[in-house]
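Lettering follows sequence order; numbering is per chain, from 1.
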Amino acid sequence: MSIDHDQVAKIAELARLKLEPSQMDQYAENLSSILDLADQLQAADTDGIEPLANPLDAEQRLRADKVTETNQREHLQKNAPSTEAGLFLVPKVIE
Amino acid sequence: MQWETVIGLEIHVQLATESKIFSGASTKFGAEPNTQACALDLGLPGVLPVVNEKAIELGVRFGLAIDAEIGMKSAFDRKNYFYPDLPKGYQTTQMDYPIVGVGHMDIELEDGSTKRIGVTRAHLEEDAGKSLHEDFDGQSGIDLNRAGTPLLEIVSEPDIRSAKEAVAYVKKIHSLIQYLDVSDGNMAEGSMRVDCNVSIRPKGQEEFGTRTEIKNVNSFKFIEKAINTEIERQIDLIEDGGTVVQETRLYDSAKDETRSMRSKEVANDYRYFPCPDLLPIIIEQSFVDEIKASLPELPDQKRDRFQQEMGLSHYDASVLSASRDLANYFEVVATEAKDAKLAANWVMGELSKFLNQSDLEISASPVSAEQLAGMLIRLKDDTISSKGAKTVLEAMWEGEGSADEVIEKKGLKQVTDSGAIESIVDEVISNCPAQVEQYTSSEPDKRGKMVGFFVGQVMKASKGTANPGQVNQVLKKKLDALC
Amino acid sequence: MHNKTLAELADGLKSGEFSSVELTTHYLDRIKSLDSQTNAFISVTEEQALSQAAEADKTRAAGDATALTGIPIAHKDIFCTEGVKTSCGSKMLDNFIAPYESTVTEKCNNSGLIMLGKTNMDEFAMGSTNESSFYGPTKNPWDNTKIPGGSSGGSAAAVAARLAPIATGTDTGGSIRQPASMCGITGLKPTYGRVSRWGMIAFASSLDQAGPMAQTAEDAAMLMNSIAGLDHKDSTSIDTPVDDYTANLNNGLEGLRVGLPKEYFAEGLDDSVKTVIESAIKEMEKQGAILKEISLATTSLSIPAYYVIAPAEASANLSRFDGVRFGHRCEDPKDLTDMYTRTRGEGFGDEVKRRIMVGAYALSAGYYDAYYKKAQQVRRLIKNDFIKAFDEVDVIAGPTAPTTAFGLGSIKNDPVAMYLEDIFTLSVNLAGLPAITVPAGFANGMPTGLQLIGNYFQESKLLNIGHKYQQVTDWHKKTPEQFA
């Protein structure tokens, strides 16, 4: 599977990654070779095989519906790049 | 060209849990920004979700109530997209294995007929936070209190054919979730939000037209308006030679129009995949059976019982069963007053009028069901007249106490002593010779109408306390004797 | 003091030969004078360590000490440690002071272990060389021109250079075992779900597992006793009884059936590594183990399966690094999209970006079935292979890595060459099995490790075999000269 610049740009947009134009060749080449590697999967016969998401095929444990958390806003917002009036600030959201 | 509308709805219902779907933070409405957003809700590095049992239970409850297949194995997936109110950059939702499968919901149309709307599925997911756009110097503020609040998304088949049907369906779901205690159904607080998928096609055409999705409509009134506005827009567009573009639109209630949402313009590739932090939820049949046994009587069952066992009309039974609070109120009144029809008339009549005037829900009525029943008992045993009854209700509304207290205080007790009534009647007859003359000289079949005048006079003379039935009887007897 | 094992240090503390403050100071001094040669640490938490040590000495004086009280430890910088920078080796989190404690580090604290600092690692644990760290590569203590392995290269180097008596690591595709092998120490990757992932910054959630990196199997067992067990905060943590991992260390190996997968001794395995591993296996045989050739036919498929599944999960796991609530944010974003793309473009290094993109691609519309779903199906085939093998044998033995540590920078810009180095470790993560690596000798002048793979929850058995092997060998006692 060969990946060209346009495809790299599209994936980068989907993943919200700004790439330097000078790196595009390198990324296209790397991604292509990784996908070539991934294509080796096609050789496996997987007819009727259930995908394995959790190695132990375990089941979900459930939590009782209880409020266990208290307000820790100040503590948790210490790492925030920008806050005001208890809110996280970001460039304007346009709906 | 005759157009047919095709509508499918996605209703997001906030589940009535104390804590969030994956964390122990509170879901209470109205807290200060980000005071109910814990490390998990903020999507901090290293945090992990654990599923709230109650959310599963409520999902199953809803599923059973709409006769749906229950997802004995359900699973969570990640839906990937970037948005500032979505802390992890993905929403945890159910894609391939929803908690509720195919079911249905019957709605009543205006002509009294019933229509079945298919429910494709209902799945659990987490809500996002909220962006606030004012007062931050060109920036937006993000409040994540709502992030992680459990939602049940109920997806309908495209079986709905008009805005009115859509509203009837949403109202029915709204009533059901409240009956079930699945949600508080508080639309003003966002506990129920509706995405409307709308398209049109020439009447008779099999194939669907291109649909648009109107996001996040949150009142019955707006659902109707938004859909109708969008239908008009699509018809105009097509009739002018244009084509409908598949897109997400927003309803602007101030302008009564829908507009394209710019932020959703970029075609999204959500890259769903099973959430590796969560495992499949396996439900035991016994769990389902337990929930089934605990289901309350549902609106349709209640309606049928009101009709069959209490003798109400279909219409009255439908109105009274539509909301659980109203139905409960009615049932208390009917049982205590031992008269279902009378209870129905007063609850749907005078009481509703008062409630509407004050814009109050039945749950906030200043007159309790017991008070109303007390009044009806007095009406039935002729202690008060229907006119007196209205006076009593008004006084109870104003907080003047029980029916008996009001009757006592206002002297509304009817005079039923026949001697006393006869003496007032005699007095009126002797005071109105001209009208008596007119009565006696009339043809017998016209006299009936003329009794009314004398009744009025007697009631006036008794200050309204004379029993009108008795007055009527005595008057007729005495007047006819003069003929 | 620093060449003592955990058990020996515990004895020293108990007998009063030295205090925890003295011991901790000794390691802190070593880090100060020697870490410039390895770059094993991202943060050294001297003040906190000394106060924890003083506290431990008080606990001991009060008679409340337990097995690990007062012993220093280094934590991989992937574990959130409250009030301490937790970078995950990334510029993205260079300014991130964790506001909460991971379960692993909390359990260590509760056991009285003293945190010396946080160790270097490949950025977000993505790498097998430690070269993708924002903080510069860790260098192999045996030869500072060579890689230490990765991603837990800092922890491996710290223990190998005796800058810490023991350390924590995490293993998603070999990230405990491979650096342990390359640095000549013992590393255990437990069964998936045996150790809680709460507070461990996720790379690939269905593969990540924390474990001990130590001088000896016995040391690893002692730390396992502290960190293993059910955690209700981690839905994938397992509710089966936890062994006393030190209880069976001395069981004999007579009759132990050891499977030797022919695929693990095939082409690609360095000849001198092969010689070392074969002689290590002979040692087991001498102790009564029965050797049996087996086949794990899906071995080669583990590489493509892993390099689809891990990036796919990572692509979603790393979406939360968006500059909104914590971590790096670019200067003066002109709009939302600009904030996202520049923040993430600047905050992540090349390898992380590559994997995010591969993952996003594998999950995208039209490719999901061919890549992600197919990889998860192959994953089941790999698991089935092991299940079949464990019908015939008790453990599986082989090399941990096909080569010894190679030169820094030698395979930069060739990600696939690096991925192929993981051939013997990936299957274990895909299947969720436990595996241990123990120092087995030297090849080309560099250490290399014997890998033992066990059935689910057989950590005790692996530690037991490792311990018995270390009773008759002294590879685990070797120290690089300049750190002796």
Is [X] close to chain C through its backbone or its side chain, or both, or neither, when contacts mean heavy atoms under 4.5 Å?
X: Asp277(B); value: both
X: Leu44(B); value: both
X: Leu279(B); value: side chain

Parallel, tilted or perpendicular: which describes the rings of [X] and [Y], with under 30° parallel and over 60° perpendicular?
X: Phe79(C); Y: His75(C); result: perpendicular
X: Tyr371(C); Y: Tyr361(C); result: tilted
X: Tyr368(C); Y: Tyr372(C); result: tilted

Identify the heavy atoms of Gln36(B) and Asp41(B) that sit nearest to each other, and give their distance.
O-OD2, 3.6 Å
Please report the shortest heavy-atom distance between Ile227(C) and Lys107(C), naming the atom on each side.
O-CD, 3.6 Å
Does any part of the side chain of Asp369(C), heavy atoms only, come nearer than 4.5 Å to the side chain of Lys374(C), both counted from C-beta?
no
In terms of heavy-atom proximity below 4.5 Å to chain B, should [X] be classed as side chain, backbone, both, or neither?
X: Ser102(C); answer: neither
X: Arg325(C); answer: side chain
X: Phe321(C); answer: side chain
X: Ala98(C); answer: neither

If you count heavy-atom pairs under 4.5 Å with chain B, which of [options] comes out on top?
options: Met339(C), Lys373(C), Arg344(C), His232(C); answer: Arg344(C)
options: Asp322(C), Leu336(C), Leu207(C), Asn317(C); answer: Asn317(C)
options: Ala362(C), Ala360(C), Pro99(C); answer: Ala360(C)
options: Arg320(C), Gln376(C), Arg197(C), Glu313(C); answer: Arg320(C)

If we ignore hydrogens and angles and just use 3.5 Å, is the side chain of [X] paired with the main-chain N or O of [Y] as donor and acceptor?
X: Ser90(C); Y: Gly347(C); answer: yes
X: Asp234(C); Y: Thr103(C); answer: no
X: Gln209(C); Y: Val195(C); answer: yes

Which residue out of [options] racks up the most heavy-atom pairs below 4.5 Å with chain C?
options: Leu40(B), Ile142(B), Leu48(B), Val51(B); answer: Leu48(B)
options: Leu86(B), Leu42(B), Leu144(B); answer: Leu42(B)
options: Val47(B), Leu278(B), Asn80(B); answer: Val47(B)

Roughly how far apart are [X] [atom1] and [Y] [atom2], rounded to 0.5 Å?
X: Glu213(B); Y: Leu250(B); atom1: CD; atom2: CG; answer: 11.0 Å
X: Met200(C); Y: Cys80(C); atom1: CE; atom2: SG; answer: 11.0 Å
X: Met261(B); Y: Lys215(B); atom1: CE; atom2: NZ; answer: 7.5 Å

Regarding Lys73(B) and the six-membered ring of Tyr97(B), is the cationic atom NZ or CZ under 6.0 Å from the ring centre and inside 45° of its axis?
yes
Counting a contact as any heavy-atom pair under 4.5 Å apart, which residues of residues 15-33 of chain B contact chain C?
none
